[in-house]
Amino acid sequence: MRAERYNFAAAEPKWRKTWEEAQVFEAGAASKKPKYYVLEMFPYPSGRIHMGHVRNYSMGDVIARFRRAKGYDVLHPMGWDAFGLPAENAAMQGKRHPAEWTYANIEAMKAQLKSLGLSLDWSREIATCDAEYYGRQQQLFLDFLRAGIVDRKSSKVNWDPVDHTVLANEQVIDGRGWRSGALVEQRELTQWFFKITNYAEELLEGLDTLDRWPEKVRLMQRNWIGRSEGLLLRFALAAPLGEAREIEVFTTRPDTLFGAKFVAIAADHPLAKQAAADSPKLAAFVEECRHIGTSVAAIETAEKKGFDTGLRALHPFDASWTLPVYVANFVLMDYGTGAIFGCPAHDQRDLDFSKAYKLGATQVIRPEGVDPDDFIVLSYLELVEAFDGDGRLINSRFLDGLTVAEAKEEVAARLEKTDLFGAPQGKRKVNYKLRDWGVSRQRYWGCPIPIIHCESCGPVPVPAKDLPVKLPQDVSFDQPGNPLDRHPAWKNVSCPTCGKPARRETDTMDTFVDSSWYYARFTDPHNAGEPASKDALARWLPVDQYIGGIEHAILHLLYSRFFARAMRDAGYGLVAEPFQGLFTQGMVVHETYKGPDGWVSPAEVRIEAGEGGRRAFLISDGSEISIGDVEKMSKSKKNTVDPDDIIQSYGADTARLFVLSDSPPDRDVIWSDEGAQGAWRFVQRLWRLTGELGRVAAPAGTPTPADIGERARKLRQVTHRAIAAVTENIEGLRFNSAIARIREFANELSAAVDEVTEAGVAEGGVVEDLAFAFREAAETLVLLVAPMTPHVAEECWADLGGAGLVARAPWPVADPTLVVQDLIS
RNA sequence: GCGGGCGUGGCGGAACUGGUAGACGCGCCGGAUUUAGGUUCCGGUGACGAAAGUCGUGGGGGUUCGAGUCCCUUCGCCCGCACCA
């Protein structure tokens, strides 16, 4: 007896068990098929999944199921980005060991993810905190070291005083630590670096090949790499200061050299420090510059300030022409050489500075087709905007009349031939904003850097046979800092080379290292001898479709792109671009509620809708509260919805359907209970409609009747047009449109059933051709909706008497002759 | 400042290379069913109009037989980067 309502609570676990037992989702079973690798950014095991995860993984699952149906061998794995600070913080507060905390969270989240019915290959599960994983990462580190991609150098680092660790430049936002929010201090430390700058050009060029990435992300990376072509140029000092007799600057505008009015150096520039030694006032100014914040507000409001060092620089083309040397607050030590020459007429900052210190300005470039009288100013104080466009050179001696490009070339060519202190005075240089990636972190819960420091031999790699260097379990978190540093038994070892007493490197790797190669590990997740076999990498990489949040547009994605190249150069034969297609999904947002005592969670709120609009009331006492803006789900605003609650009351299919419908996947989707109910109704409707269709459809396996009548042909057209449209929409990742089209198809089928029922054809069996068309329509509906709502699809499929599992059924193919529109004049 | 995205009913949003604007859903209105429903089913729903019809894709202009879509111009919102020489 067919149940009137679809019972998700019984059906969902049943089908998940069936899939698992049949190992439907394990990759590599049929390697003759073409491969398709779909990957969603793996989660941090915080303990609970949130709606963002549901959305992210539902999208990936639609793609995985769709591709599987299209005949691909699909790799769709899942794992855990399991190292990181929260585990240590939890350890400090809750007295639980980070490992215990992390693995418990993984278990809890895994159960939640499983309840969503995702078509994941769990046999490939990895956690970055497993020695099985991080041991291979240590191997990679040593491979990179051998390949010259790892460096150890003393450098100024960003020190987070709250988290007691070093941060990469990418992890400093507005001068504050990205996690702690603490003001970052500068410290001089010896650190391990990955030489990502060696790959700057390649990483930049590679962006052009990524035509399935969002333009926005490619641009963000391009800006981050920050390539600029220019000239390194040395100014001789009129009189030496101690040993120093020159200043080197970097410029992208050597053409404006005859418009130079001053040279400016950063407050941290060695020359500034030297000059400050003899001048208390200059020293005070240098100190002041240090304290100016680098926040957005500070930069916008900061005046251009400077201080004359008293030094004078000689113009490269005219030794009788001296330029004052200023320390200036707008010159950055960590870009270029930390020194510039200022051309006020053609650079806004230089103009502001020049006006403040009365340094003058000479216009040396005039746009073409402009009346000189309209362009040339009598006094530079009349200049409001520096002209940085194209034109021809004026007031520039031998450069006069040349274009900007020609003048750049001319100046570079001349200065490359000019000698200054035994070397060419100028040198063409491509400069990048990108810095080397400092990976040392003074934390416990991370991948140990596999190095032993020996007084005689220096830093010695841990021999391959001793990998993995495992984290010790017996550590304490009763004081700040790195517990590894306070663990003598672990720390003190003998040197692998000379056998003398030595100590282990106690720093661990930045957790971004862990996530920079996990996509590669998934191809061969349990390989105990190497990160992954060449065969496995060759079989599966690159990832065909990667899905995740825009927040990783720079860090994670750039590091991963770097790692793929580094692994290639270390002999793993990886392809350069790890992610062929990238999709950045929008957030799940929810309206907020505020009562007299602050934010109220949706679970405590009852919504009443009427002609006066929607109103919110507290369930507890019935008092009315206000409805606020729709915002990103967050604990602070209490506007979160727990996926578990939704799955409990509506089932996984409903949750999946809703996060995929309504909004385009790259935009935010507003979660609302009304919307969830809409999805719920459709899941129920699928079941009901399948029953109705089953009543008028031919039995499974009925061959196409020779004679197709008009009514049947119309129905087949409806079916095949739906196939074509839904297929196209899923391929284009327009899941919202795909679902809309499926609902439309369902509406059309309802109408068709009504029609035949009214016409009386249904009772006692419809005619053969129509019964066949209904059979086709019913199966098609189930097949099309299966990637989104896989459980109910299986239930309907079984009810229709379909062969095998929907999860294994091939995707329907649209008949072109049925898809073409009838001509309308 | 530089860059990216967007502007369509009460709301989220459809509309392929120009071809019936508003698919699909939410909400709302009406009806039905039920011992019982915040969760079921059916119908209606851009605006104005009694109707025929007219007007409608941020504003203005243009190309075209035909424009949400193409061109010019203008207004507004969101996001990212930012003293990078």
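All figures in this text were calculated on a predicted structure; none of them were measured in a lab. Naming: A, B, ... by sequence-line order, numbering from 1 per chain.
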Student: When we call it a touch if two heavy atoms are under 4.0 Å apart, what does Gln677(A) touch: a base, just sugar-phosphate, or nothing?
Tutor: base
Student: For U69(B) and U17(B), measure between their C1' atoms and round to the nearest Å.
Tutor: 11 Å
Student: Tell me the partner of U34(B), counting only Watson-Crick (N1-N3 plus N6-O4 or O6-N4) or G-U wobble (N1-O2 and O6-N3) with both under 3.5 Å; none if nothing fits.
Tutor: none
Student: Does Lys427(A), at its NZ atom, have more than 12 non-hydrogen atoms belonging to other residues, nucleotides or ligands within less than 6.0 Å?
Tutor: no
Student: Among the nucleotides G27(B), C84(B), G38(B), which one has an atom lying closest to any side-chain atom of Arg681(A)?
Tutor: G27(B)
Student: Roughly how far apart, to the nearest Å, are C75(B) and C65(B) at atom P?
Tutor: 32 Å
Student: Could you point out which residue of Val430(A), Thr251(A), Thr252(A) forms a side chain to side chain contact (heavy atoms under 4.5 Å, CB included) with Ser228(A)?
Tutor: Thr252(A)
Student: Could you tell me the separation between the CZ atom of Arg743(A) and the P atom of A23(B), rounded to a whole number of Å?
Tutor: 14 Å
Student: Atom CZ of Arg667(A) to atom C1' of G4(B): distance rounded to whole Å?
Tutor: 14 Å
Student: Counting only distance, no hydrogens or angles, is the base of G38(B) paired donor-acceptor with the side chain of Asp673(A) under 3.5 Å?
Tutor: yes
Student: Check every atom of A85(B), G12(B), G4(B) against the side chain of Lys216(A) and return the nucleotide holding the closest atom.
Tutor: G4(B)
Student: Could you check how far CG of Leu733(A) sits from P of C16(B), rounded to whole Å?
Tutor: 17 Å
Student: With heavy atoms under 4.0 Å as the rule, sort Asp352(A) into base, sugar-phosphate or nothing.
Tutor: nothing
Student: Establish, with yes or no, whether the OP1 or OP2 oxygen of A85(B) is under 4.0 angstrom from a side-chain nitrogen or oxygen of Ser228(A).
Tutor: yes
Student: Taking O4'-C1'-N9-C4 for purines and O4'-C1'-N1-C2 for pyrimidines, is G9(B) syn (within 90° of 0) or anti?
Tutor: syn
Student: If you check every side-chain atom of Ser737(A), which of G25(B), C26(B), A15(B) has the closest atom?
Tutor: A15(B)
Student: If you compare all heavy atoms of Pro344(A) against all heavy atoms of Gly360(A), which two are closest, and at what distance to 0.1 Å?
Tutor: CG-O, 3.3 Å
Student: Could you tell me how far G10(B) sits from G49(B) if I compare only their P atoms? Round to whole Å.
Tutor: 15 Å
Student: For His720(A) and Asp815(A), test the side chains for any donor-to-acceptor distance below 3.5 angstrom and give the result as yes or no.
Tutor: no
Student: Over how many whole Å does the gap from Leu657(A) atom CG to C24(B) atom P extend?
Tutor: 15 Å
Student: Using a 4.0 Å heavy-atom cut-off, does Val331(A) contact any base of the nucleic acid, only the sugar-phosphate backbone, or nothing at all?
Tutor: base
Student: Can you tell me if Arg227(A) touches the phosphate of C84(B), counting only side-chain N or O atoms and a distance under 4.0 Å to OP1 or OP2?
Tutor: no
Student: Should Asp644(A) and Gln648(A) be marked as a side chain to side chain donor-acceptor pair (under 3.5 Å) after you check the CA-CA gap, both sets of side-chain angles, and the distance that decides it?
Tutor: CA-CA 6 Å; Asp644(A) 267 1; Gln648(A) 274 288 312; over 6 Å; no
Student: With a cut-off of less than 4.0 Å, is there a side-chain N or O of Asn223(A) near OP1 or OP2 of C84(B)?
Tutor: no
Student: Look through every strand shown and name the nucleotide pairing with U57(B) as Watson-Crick or G-U wobble, where both distances are under 3.5 Å.
Tutor: none
Student: For RNA chain B, whose closest nucleotide is more 5', that of Pro664(A) or that of Arg349(A)?
Tutor: Pro664(A)
Student: Have a look at Gly678(A) and say if it touches a base, only the backbone sugar-phosphate, or nothing, with a 4.0 Å heavy-atom cut-off.
Tutor: sugar-phosphate
Student: Could you please name the partner base of G1(B), counting Watson-Crick and G-U wobble pairs only when both distances are under 3.5 Å?
Tutor: C81(B)
Student: Looking only at side-chain N and O atoms, does Ser750(A) offer a donor or acceptor that is under 3.5 Å from a partner on Arg685(A)?
Tutor: yes
Student: Between atom CD of Gln585(A) and atom CG of Leu733(A), what is the distance when rounded to the nearest 0.5 Å?
Tutor: 12.0 Å
Student: Using the benzene-type ring in the case of Trp, are the ring centres of Tyr357(A) and Phe262(A) under 6.0 Å apart?
Tutor: no
Student: Have a look at Thr251(A) and say if it touches a base, only the backbone sugar-phosphate, or nothing, with a 4.0 Å heavy-atom cut-off.
Tutor: sugar-phosphate
Student: Could you identify the nucleotide paired to C16(B), looking across every strand shown and requiring Watson-Crick or G-U wobble geometry with both distances under 3.5 Å?
Tutor: none
Student: Nearest-Å distance, CG (Asn736(A)) to P (C26(B))?
Tutor: 15 Å
Student: Which of the following nucleotides, A85(B), G80(B), G25(B), is nearest to the side chain of Asp662(A)?
Tutor: G25(B)
Student: Within the structure, does a side-chain N or O atom of Asn329(A) lie under 4.0 Å from either OP1 or OP2 of C83(B)?
Tutor: no
Student: Let's see if you can work this out: which of C84(B), G25(B), C26(B) has an atom nearest to the side-chain heavy atoms of Glu674(A)?
Tutor: C26(B)
Student: Tell which nucleotide pairs with C28(B), taking only Watson-Crick or G-U wobble pairs whose two distances are both under 3.5 angstrom.
Tutor: G44(B)
Student: With distance as the sole criterion, is a donor-acceptor pair present between the side chains of Thr197(A) and Asp436(A) under 3.5 Å?
Tutor: yes
Student: Measuring only the P atom in each nucleotide, how far is A23(B) from C79(B)? A whole number of Å is fine.
Tutor: 30 Å
Student: Specify the separation, in whole Å, of atom CZ of Arg741(A) and atom C1' of C24(B).
Tutor: 10 Å
Student: In whole Å, what separates the P atom of C78(B) from that of C83(B)?
Tutor: 22 Å
Student: Regarding Leu219(A), tell me which of base, sugar-phosphate or nothing describes its non-hydrogen contacts under 4.0 Å with the strands shown.
Tutor: sugar-phosphate
Student: Taking atom P of G5(B) as reference, at what distance in whole Å does atom CZ of Arg218(A) sit?
Tutor: 11 Å
Student: Counting Watson-Crick and G-U wobble pairs only, both distances under 3.5 Å, name the nucleotide matched with U69(B), or none.
Tutor: none
Student: Identify whether any heavy atom of Arg606(A) sits under 4.0 Å from a base atom; if not, whether one sits that close to sugar-phosphate; answer base, sugar-phosphate or nothing.
Tutor: nothing
Student: Taking G58(B) as the reference, what is the distance to G53(B) when you measure between their P atoms (whole Å, please)?
Tutor: 27 Å
Student: Where each residue is assigned the nucleotide of RNA chain B containing its nearest heavy atom, which of Met333(A) and Asp754(A) is assigned the position nearer the 5′ end?
Tutor: Asp754(A)
Student: For Gln348(A) and C83(B), what is the distance between atoms CD and C1' respectively, to the nearest whole Å?
Tutor: 11 Å
Student: Which whole number of Å gives the distance between the C1' atom of G27(B) and that of G12(B)?
Tutor: 11 Å
